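Note that the numbering runs from 1 along the sequence shown for the chain. Just so we're clear, the structure is a prediction, and the values are computed from it rather than from any experiment.
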Amino acid sequence: MTHAQPGILLPAPRLAVYLDFDLAAEGDARGALARLREIADGEQVVVGIGLSTVQALGKHIDGLRALPAISGPGIDVPSTPAALWLWLRGDDRGVLLHLARRLEAALAPAFYLRDSVDAFQYQNSRDLTGYEDGTENPKGAAAEAAGIVHGRGPGLDGSSFVAVQRWVHELARFEAMSAEQQDLSIGRHRVGNAEIDDAPPSAHVKRTAQESFTPAAFVLRRSMPWARGLEAGLMFVAFGRSPDAFEALLRRMTGGEDGITDALFRFTWPLTGACYWCPPLAGGRLDLRALGQ
Ligand code: HEM
C-alpha cells in the first residue's frame, strides 16, 4: 500500500528547518538515498528529490522539471534548483538541529549541504505581515486531489511535486504603506481575514484565485515564516499533483497573462525557487522504485 509522506497533508508544524543539498560529481547518490531512507519517515522529515539527482540516477519522473526563471515588469523570479530538499518538522529547535546534523552525516559525501534555513509559526499561521496564510487551502479529499499523484501506478501514486521559494520581506516598506493599501495588496482584511470583493486585480488573492484558472489551479500550501538575524520573510511551499498549477499561478502573479503584477512584489520578492519530486511511502519507508531503488 502506498501513501503520501504524511508531513505533506498534516498542518504545518511549530518549527521547521529546510535543508538544500548539492550532489558531488560522481557521488554515490544511491548509497546516500539508501541511508536517507533509514532516517526519513515522511513526517518528521519530508523528502524532495531534485531533477539533477533523478538524472544522475539515469531515471525520468514524468512531470518533474526545473522551475522556470521568470521575468515580468520590474520583477525577476529566480530558478535555483538543488539536488535534494529536506523539510524537517517539529517543535523543539535542539531536536531539529541534531536531526539536521544526523541527516547531513548520513548523506555525505555524495550530497553536501548548500543551505539551511530556520522557520517557525507566527501567531498561528500568519505571514510576518500579519495576514493569515492558508485560508483557501483545499482540505480533506480536495487536499489529496490537489497535492498528491493518483492513477499513475505504483511508485508514482502517493508522490507529490513541491515548489519552494524563499521570499524576503522588506518589512519597513510594507509598514510604510497605509493599513488600507496593505489590505488591498493582499485582497483581504488583516483584522478578521474577510476577503475584499472589490480589491484591485493586482491584489494577491485576485491574482491567485485558484478557481479562476482553466483548469482550476489548486495547490496545497504549507508555507512558514523564516528568519536569519533580522532578515526575514516567507518560505513559500506548495505541493501539487504536478508543477502545472503552481507555474500557472506564478505566471499570472508576474504579469504573464495581462501585464498586471502582484502587489506583493511591492514589499517582498523570491530569492530562491525550485521544484522537487516527493516520493511516496511504502511500508512506512520512502518508496524509491521509480528511481530504480
Ligand atoms: C511572500 C509571498 C507570499 C505571501 C506573503 C502570501 C500570502 C498569502 C495570503 C495572506 C493569502 C490569503 C489567505 C489564503 O487563502 O491563504 C494567500 C493566498 C494565496 N496564495 Fe499566497 N502568498 C505568497 C506567495 C504566493 C505564491 C508564490 C503563490 C503561488 C505561485 C501563492 C498562491 C496563493 C494562492 C493559490 C492563494 C489562495 C487564493 C484563493 O484561491 O483565494 N502565494 N497568500
Side-chain angles (χ1 to χ4, degrees), residues 66-80 119 122 125-138 146 161-191 193-226 231-240 243-275:
L67 194 83
I70 300 179
S71 293
I75 292 169
D76 285 303
V77 173
S79 174
T80 60
Y122 172 57
S125 306
R126 284 178 197 261
D127 173 65
L128 288 169
T129 52
Y131 288 87
E132 277 186 35
D133 191 15
T135 314
E136 291 294 337
N137 253 338
F161 295 86
V162 66
V164 184
Q165 290 179 309
R166 184 159 66 91
W167 290 67
V168 62
H169 291 357
E170 189 61 68
L171 287 168
R173 208 179 281 184
F174 177 74
E175 286 155 4
M177 295 161 68
S178 68
E180 190 191 1
Q181 281 175 325
Q182 292 174 347
D183 283 356
L184 290 179
S185 68
I186 298 292
R188 282 185 177 269
H189 289 288
R190 180 165 34 189
V191 179
N193 195 28
E195 197 167 343
I196 304 171
D197 290 336
D198 58 353
S202 59
H204 179 53
V205 302
K206 296 285 183 202
R207 290 282 94 190
T208 56
Q210 296 160 102
E211 281 161 334
S212 68
F213 289 79
T214 314
F218 283 103
V219 287
L220 190 56
R221 287 170 293 135
R222 293 288 185 252
S223 311
M224 295 179 73
W226 66 272
E231 198 189 25
L234 187 73
M235 187 67 88
F236 177 85
V237 173
F239 294 91
D244 295 355
F246 169 76
E247 286 183 16
L249 291 160
L250 193 61
R251 223 173 296 121
R252 193 188 281 171
M253 285 176 69
T254 50
E257 284 185 11
D258 52 11
I260 300 174
T261 56
D262 196 304
L264 279 183
F265 286 104
R266 291 179 197 159
F267 60 86
T268 185
W269 52 89
L271 296 176
T272 68
C275 181

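Expressed to the nearest 0.5 Å, how far CG of Leu128 lies from CH2 of Trp226 amounts to 9.5 Å. Glu247 contributes atom CD, which lies 15.0 Å from atom CZ of Arg252 (distance to the nearest 0.5 angstrom).
You'll find the side chain of Val219 stays beyond 4.5 Å of the side chain of Phe239, heavy atoms only. Within the 4.5 Å cutoff, the side chain of Leu184 has heavy atoms near those of the Pro200 side chain.
Judged by distance alone, the side chain of Thr261 and the main-chain N or O of Thr254 form no donor-acceptor pair under 3.5 Å. Listed for the Thr268 side chain is no donor-acceptor partner under 3.5 Å among the backbone atoms of Leu264. Looking at Ser79, its side chain does come within 3.5 Å of a backbone N or O of Leu67 through a donor-acceptor pair. With Asn193 contributing its side chain and Tyr131 its backbone, the two residues share no donor-acceptor pair below 3.5 Å. Formation of a donor-acceptor pair under 3.5 Å by the Thr272 side chain with backbone atoms of Thr80 is not found in this model. For Lys206 (side chain) and Asp197 (main-chain N/O), a donor-acceptor pair under 3.5 Å exists by modelled atom type.
Between Asp133 and Arg188 there is no salt bridge, since no side-chain N of the basic residue sits under 4.0 Å from a carboxylate O of the acidic one.
Between Ala119 and Met224, the shortest heavy-atom distance links the atoms CB-CB, 3.9 Å. A pairwise comparison of heavy atoms in Gln182 and Arg190 identifies OE1-NH2, 2.7 Å as the closest pair.
Under the 6.0 Å cut-off for aromatic ring centres, Phe267 and Trp167 do not qualify, their centroids lying 6.0 Å or more apart.
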